[in-house]
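Quick caveat: nothing in here was measured; it's all calculated off a predicted structure. Numbering of ligands and ligand atoms starts at 1, following listing order.
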Amino acid sequence: MKYFPLNNEQLTALAEIYPTPFYLYDEKGIRENMREFTKAFSIFPIFREHFAVKACPNPYILKILAEEGCGADCSSLPELMLSEIAGIKKDKVIFTSNETPAKEYKYAYANENIINLDDFTHIEFLKETLGKLPETLCFRYNPGPLKHGCNSIIGKPEEAKYGLTREQIIDAYRICKDEGVKHFGLHTMVASNELSPDFFIDTAKLVFELAVEIKEKTGVQIEFVDLGGGLGIPYKPDQKKVDYDVVAKGIRKEYDRTIVPSGLDPLAIYWECGRPITGPYGYLICRAIHEKHIYKEYIGTDSCMADLMRPGMYGAYHEITVSGKENAEKDHVYDIVGSLCENCDKFAVDRKMPEIKTGDLLIIHDAGAHGRAMGFNYNGKLRCGELLLREDKKVIQIRRKETIDDLFATLDIAGVETFK
Ligand SMILES: *Cc1c(COP(=O)(O)O)cnc(C)c1O
């Protein structure tokens, strides 16, 4: 049974103050998980998680994570700005972007954020943009065919648009060293929603060996490796949470084998995870508003994939429970759907559930990362708001719902009247 922090009475009362649909985040869950993650990686001399802002771009959440020692991983100007608003500054922010516009590089540089270059040609582009290269630079490595076993969301590295090849990356460090860059990092991200600890241990090994090779070939001393994101979460009931200790200890073994004898110790270990940090601690709450009996049984909700597109877009599984019916027998089979005029707008297909009545509150689990963040306005849908359940069980609104005025804000409505 998936955990939810409020009972039916509490959730019903909350939905009277804040009409559904809404997101609810559990501060206690976020903090406890972050402490567990940090503790596991405390076996390294230097460690930091840089939360991938795109997973949950709300500055209240970022501030909680900052208090737990996190930095931020950003991929756009607004994400850099949100980190700044949350008090995450300077080298605690890593700018891992691609196809980056000049003005975004300028902003990151002006704020002394760490710039992580996605391509060889961006060395020259950055130099032209800034008039010089920053003192610290990181490069994103694409291992191509050297890394196997990647899952379908991110695909095979050799078909991914990200990063530099092995040959390019060695040249990149050599050139930047000659240009006077003083501090270097090495980044890779080759997984998404991966649950196997071995996958990450193997990735770390690949990156550590490359750091050693870079040192041997160019004399560049890599000071941090950023292992990217991609740590998965158990969306399905039969899956298990990744054991952070197993990952940390496995990586430590590779560290002792490669990094320590090479003279690269102490090498800082960075992550830029999003999903495991907030994913399990965010819920999309919606209400069953219709039931429909045709060739199949449907439950219509007051939400839709504009609030959570993962099921519709990737066929992703999200556990759904009915508030107050947690222990009821699952003797019905439903498609649980949203109101978008797209047939893929289904939160669940052929799902065994207890009997759902109109008015029931549905809890869609594991929606705290890549949930509200991926929302959109297609079909005139207004994205829902976000609530935070504080550790003292009080609830505060950390983002209001969108209004029709928000939706029309980019239109000159008055102009339509004179337009012909
Ligand atoms: C999306 C992304 C992340 C976070 O991925 P998760 O699966 O949420 O952990 C980290 N780094 C980069 C570069 C990304 O694109």
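Of the candidates H187, R140, M189, E194, the one placing a heavy atom closest to atom 5 (O) of ligand 1 is M189.
If you check which protein heavy atom lies closest to atom 13 (C) of ligand 1, you get E272 OE2, 3.1 Å. Annotation: atom 15 (O) of ligand 1 to nearest protein heavy atom, K54 NZ, 2.7 Å. Of the protein's heavy atoms, H370 NE2, 2.7 Å lies nearest to atom 8 (O) of ligand 1. Residue, atom and distance of the protein heavy atom nearest to atom 9 (O) of ligand 1 are G274 N, 2.8 Å.
Of all atoms in ligand 1, listed by their number and element, those nearer than 4.0 Å to a heavy atom of D73 are 10 (C), 11 (N), 12 (C). For ligand 1, the atoms lying closer than 4.0 Å to a non-hydrogen atom of A52 are 3 (C), 4 (C), 10 (C). Less than 4.0 angstrom separates some heavy atom of T96 from each of these atoms of ligand 1: 13 (C). Atoms of ligand 1 found under 4.0 Å from any heavy atom of R275 (numbered from 1 in listed order, with element): 6 (P), 7 (O), 8 (O), 9 (O).
G230 counts as a contact of ligand 1, since one of its heavy atoms falls under 4.0 Å from the ligand. Under a 4.0 Å heavy-atom criterion, C273 is in contact with ligand 1.
Judged by a 6.0 Å distance limit and a 45° cone about the ring axis, R383 is not positioned over the six-membered ring of F376. A cation-pi geometry, defined here as NZ or CZ lying under 6.0 Å from the six-membered ring centre and within 45° of its normal, does not hold between R351 and Y334.
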Inset, instruction - Could you please spell out the steps behind the side chain to side chain donor-acceptor pair (under 3.5 Å) verdict for T12 and E16? - result: CA-CA 7 Å; T12 303; E16 267 165 31; over 6 Å; no
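In this structure, E49 contributes its side chain and I277 its backbone to no donor-acceptor pair below 3.5 Å. No side-chain donor-acceptor contact under 3.5 Å links E209 to the backbone of L206.
L362 pairs with exactly one of S323, C286, S303 by the side-chain contact (heavy atoms from CB on, under 4.5 Å) rule, that one being C286.
The side-chain hydrogen bond (donor to acceptor under 3.5 Å, both in side chains) pairs that include a residue from residues 54-65 are N58-E386, where partners are two or more places apart or lie in different chains.
Of all the heavy atoms in P59 and I85, the pair that sits closest is CB-CG2, 4.1 Å.
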